[in-house]
Every structure is written in C-alpha cells, then in structure tokens.
Amino acid sequence: MNSDDTQMKAVTIPEFGDAGVLRVGTVPVPVPGPGQVAIDVAYAGANFAEVLYRRGVVDVPLPFVPGIEVAGYIRAVGEGVEDLWPGRPVAALTIVDSGGYAEVAVTSADLVAPLDGLDIGMGTAAALPSNSTTAFLVLDRVARIAPGESVLVHAAAGGVGSQLGQAARLLGASRVVGTVGSAAKIDTAKGFGYDEVILRDRLADAGQFDIVVDMVGGPARRASLDRLAAMGRLVIMGNASGAEDVGVPANELWFSNKTVSGFNLAAFAATHPDEAGRALRRAVEAAAEGELRVQVEALPLERVAEAHRRIEAGATTGKLVLDVAAL
C-alpha cells in the first residue's frame, strides 16, 4: 500500500481495447458504505468477464477497475455489518461493482465467505467466488438438478467448467460429460469429475442429457439444444466463442418439452445477494473439505495483460489468479 493510505495501486481500464490497454496505476482507496466491507486483497481471480469489460462489451465508466472476485483480509466494515471484523480472512464476490484488481476492494457483506478455521490457501480461495459459486447456482437454482440426472458441460477444462463437473457429481448426477475444444485439454478435464470428455465437434455422438450448460455459444448452442432429452434444460451462461447470437424457436421448445434458461452471476448477485452469498459459502466449504478441486496458477498483478491474453486465446486450464499482495 502507498504510504498515503488514501491511495492504492490498482489495474485500470483507461480505454476499451485489447489487453495492452490495461494499466497498473494509483487510485483512491474505496471506503465501505452501510452493509459493505473493505478487503485488503491478497489475490484476485482472473475471468472472461473482465475481458468483456476491457473490450467494452459491458458499458462501464472509464477509467474502470475490473475484478469480480478476491480473497484477503477485512480492512474495515460499514454501518450495520455484523460477524465480520478487521483482520478476518475472507473470500468475496466483488462482481456487482467490480474493483478486485486492486489493493483494496469493497463489496456487500452478504457476498463474503469467512475463511478462518478452514484448510484453504488465499490463492485457492480467490479462485472460488465466481466459478464455484456459479456452478452450484446454475445446477441447483437454475437447472434444478435431480439425483440421477445426466449433465453435459461445455469448456470442461476452463475455470467454471472445471467446477461444474464436480458440482454436478456432488449434487447427485448419474452421468457427467464434458466437451473441450482441443485434444490437449481432455486429460485435464477428466480430473474434474467428468465420466467422459469429448471434443466439441463430436457432440452429435454424445447421446442425450437432462441438463446442458453452455458458455461457448455459436454452433455448440444449437447442437446443445439437439442433445437435450424430453424435459431437458439448457442453461446459457456465456458466449466465449464470440459468435453471433443463436435464435431458439419457441415452437420447437413447445413441441419438444425443452427449456432454455440464462444465468448471469453479476445480475443475480445484485438482485439476490443473500442467495449468492450462501452459494459462495457452500463452495468455499466444499473446497476446504476436499470435495471441490481447483487447479490454480498465480501470476503477479503486473502480468494481468498476459492473463487476459491467455483467457481470450482459450489457453488456460483451471483458474488464473493475480497476486496482489506481492505489489
């Protein structure tokens, strides 16, 4: 932290563009309002969501500090906050207002999971709030998975894909299949709870599923709808391919007894912070107990542009986190 405790280092997006626009600079230290906490950030997760902010896909005011999840220590609490105190170790979603790529981040106290007493490191804890929370919410809250159902997950070796396979198994799925874009990712994905991992262009041979989770978009989205069994549910939660939107004919859903839903963690956390927080704490506890495995690679915050380029290129397996405390 800067010797002036009103200023801190942070990564900013000064203008929309490629990864080269990201800058490490100095910005004012945020102060928690009522119901909020400030966190001294140890690690921040790196996600595709932050790539979208940087590209200008999401309309945010510039300069903007990205970062939707962190782990660190409570710095200060706002009015009305109970059970959280300065120095307490936590993982947190900062997704509603962003700001995690910084030495200090502020978020709702509802979106915080205490870490004291849990066997979990800060780097791992920073990798959980977005992807692992999403996995439980998508399968349990949106898809309403029932024991014995079958699940197909696209991008199975990626950050959220690595968690969805394991969460499906914890929630009682009988068959869990993942898809990947290249053969080099098959073995990695198999370590994340999948019974089988296939190349995405072989999807037609995968059979039918009760639930399909698609964060890829494009041709995979149309193929996913075809893979749904009667009463099956397709959950859309991204468009990593950058392809044009894929229309879903309503009459086809009517005649085939299929459902298509969408899930966006930022919007959900903004409107249902209590429920998002419960899912976060569930995910943290599962990871601490060894029920969720997270493959984490840490990079210094100064290498944030490299992290973004790797995420955009689909050249990651598991989760990248940024070491903020090392600044």
Item to complete: Would you sort out whether Ile39 and Val106 count as a side-chain contact (heavy atoms from CB on, under 4.5 Å), showing the intermediate values?
Response: CA-CA 6 Å; Ile39 299 167; Val106 166; over 6 Å; no
Fill in: Derivation of the salt bridge (charged side-chain N to carboxylate O under 4.0 Å, His left out) call for Arg310 and Glu306
CA-CA 6 Å; Arg310 287 172 59 182; Glu306 175 188 335; 3.6 Å; yes
Item to complete: Decide yes or no on salt bridge (charged side-chain N to carboxylate O under 4.0 Å, His left out) for Arg175 and Glu196, but give the supporting numbers first.
Response: CA-CA 9 Å; Arg175 180 182 180 225; Glu196 182 182 357; 3.7 Å; yes
Discussion item. For a side-chain contact (heavy atoms from CB on, under 4.5 Å) check, start with the C-alpha distance between Gln295 and Thr188, then their side-chain angles and the critical distance, and finish with the verdict.
Written reply: CA-CA 10 Å; Gln295 181 177 308; Thr188 297; 4.0 Å; yes
Practice prompt. Would you sort out whether Arg282 and Glu291 count as a salt bridge (charged side-chain N to carboxylate O under 4.0 Å, His left out), showing the intermediate values?
Written response: CA-CA 11 Å; Arg282 181 183 190 182; Glu291 295 177 333; over 6 Å; no
Practice prompt. Give the C-alpha distance, both sets of side-chain angles, the deciding distance and a yes or no for side-chain contact (heavy atoms from CB on, under 4.5 Å) between Val248 and Leu225.
Written response: CA-CA 9 Å; Val248 178; Leu225 191 60; 3.8 Å; yes
Practice prompt. Before giving the answer on side-chain contact (heavy atoms from CB on, under 4.5 Å), spell out for Asp205 and Ile198 the whole-Å C-alpha distance, their side-chain angles and the decisive distance to 0.1 Å.
Written response: CA-CA 9 Å; Asp205 302 327; Ile198 61 175; over 6 Å; no
Discussion item. Would Asp226 and Arg222 count as a salt bridge (charged side-chain N to carboxylate O under 4.0 Å, His left out) here? Give the steps.
Written reply: CA-CA 7 Å; Asp226 293 338; Arg222 176 64 252 184; 2.7 Å; yes
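Salt-bridge annotation for Arg233 and Asp210: absent, with no side-chain N of the basic residue lying under 4.0 Å from a carboxylate O of the acidic one. Ion pairing between a basic and an acidic side chain is recognised when a charged N comes within 4.0 Å of a carboxylate O; Arg23 and Glu15 show no such pairing. In this structure, Glu297 does not pair ionically with Lys319, as no charged nitrogen and carboxylate oxygen lie closer than 4.0 Å. Residues Glu302 and Lys9 are not paired through a salt bridge, judged by the lack of any N-O separation under 4.0 Å between the basic side chain and the carboxylate. Glu50 and Arg54 are not joined by a salt bridge, as no carboxylate oxygen comes within less than 4.0 angstrom of a charged side-chain nitrogen.
Put simply, CG on Leu265 and NE2 on His272 are 12.5 Å apart, with the number rounded to the nearest 0.5 Å. Here Glu103 contributes atom CD and Asp40 contributes atom CG; the two are 8.5 Å apart, rounded to the nearest 0.5 Å. Atom CG of residue Leu111 and atom CG of residue Leu93 lie 5.5 Å apart, to the nearest 0.5 angstrom. Interatomic distance, Asn47 CG to Leu52 CG, rounded to the nearest 0.5 Å: 10.0 Å. Put simply, CZ on Phe64 and CZ on Phe16 are 8.5 Å apart, with the number rounded to the nearest 0.5 Å. Here OG1 of Thr134 is found 13.5 Å from CZ of Arg141. Values are rounded to the nearest 0.5 Å.
Linking ILVMFWY residues whenever their side-chain heavy atoms come closer than 4.5 Å, directly or via other members, leaves Met215 and Leu228 in distinct clusters. Under the 4.5 Å side-chain heavy-atom criterion for ILVMFWY residues, no single connected hydrophobic cluster contains both Met237 and Val212. Placement of Leu280 and Phe263 in two distinct hydrophobic clusters is found when ILVMFWY residues are connected by side-chain heavy-atom separations under 4.5 Å, directly or transitively. Phe268 and Val260 end up in different hydrophobic clusters when Ile, Leu, Val, Met, Phe, Trp and Tyr side chains are linked at under 4.5 Å. Under the 4.5 Å side-chain heavy-atom criterion for ILVMFWY residues, a single connected hydrophobic cluster contains both Val96 and Val41.
In this structure, Ser162 contributes its side chain and Ala157 its backbone to no donor-acceptor pair below 3.5 Å. Checking side-chain atoms of Arg88 against main-chain N and O of Tyr73 turns up no donor-acceptor pair under 3.5 Å. Counting only distance, with no hydrogens or angles, the side chain of Asn251 and the backbone of Phe255 share no donor-acceptor pair below 3.5 Å. In this structure, Arg169 contributes its side chain and Ala173 its backbone to a donor-acceptor pair below 3.5 Å. Using a distance-only test at 3.5 Å, with no hydrogens or angles considered, no donor-acceptor pair links the side chain of Arg200 to the main chain of Ser182. A donor-acceptor pair is defined here as one N or O able to donate and one able to accept, closer than 3.5 Å; no such pair exists between the side chain of Ser98 and the backbone of Thr94. Remark: side-chain polar atoms of Asp195 are paired, donor with acceptor, to backbone N or O of Val176 under 3.5 angstrom. Under a 3.5 Å cut-off, the side chain of Thr124 and the backbone N or O of Ile120 do not form any donor-acceptor pair. Glu289 places no side-chain N or O within 3.5 Å of a backbone atom of Ala286 that could act as its donor or acceptor partner.
Residues Ala243 and Gly218 share a closest heavy-atom pair of CB-CA, 3.5 Å. Scanning all heavy atoms of the two residues, the minimum distance from Ala276 to Thr133 falls at O-CG2, 3.7 Å. Between Ile13 and Leu62, the shortest heavy-atom distance links the atoms O-CD2, 3.3 Å. What you find for Ala102 and Val65 is that their closest heavy atoms are CB-CG1, 4.2 Å. Scanning all heavy atoms of the two residues, the minimum distance from Glu312 to Ala19 falls at OE1-CB, 4.5 Å. Nearest heavy atoms, Gly262 versus Val142: O-CG1, 4.5 Å.
The side-chain heavy atoms of Leu203 and His154, taken from C-beta on, include a pair separated by under 4.5 Å. The side-chain heavy atoms of Val151 and Val177, taken from C-beta on, include no pair separated by under 4.5 Å. No side-chain heavy atom of Lys258 sits under 4.5 Å from any side-chain heavy atom of Met231. A 4.5 Å side-chain heavy-atom check between Met8 and Thr26 finds every atom pair outside the cut-off. With a 4.5 Å cut-off on side-chain heavy atoms, Leu171 and Asp140 count as touching. The shortest side-chain heavy-atom distance between Ser150 and Ile211 does not fall under the 4.5 Å cut-off. Taking 4.5 Å as the limit, every side-chain heavy atom of Val197 sits out of range of all side-chain heavy atoms of Thr179. In this structure the side chain of Leu234 never reaches within 4.5 angstrom of the side chain of Thr259, judged on heavy atoms.
Summarising the local packing, CG of Asp274 is surrounded by more than 12 heavy atoms from other residues, nucleotides or ligands at distances under 6.0 Å. Within a 6.0 Å radius of CG in Asp59, other residues, nucleotides and ligands contribute 12 heavy atoms or fewer.
Judged by distance alone, the side chains of Gln163 and Ser132 do bring a donor and an acceptor atom under 3.5 Å apart.
The aromatic rings of Tyr101 and His308 stand perpendicular to each other, their planes meeting at an angle above 60°, with 30° marking the opposite boundary.
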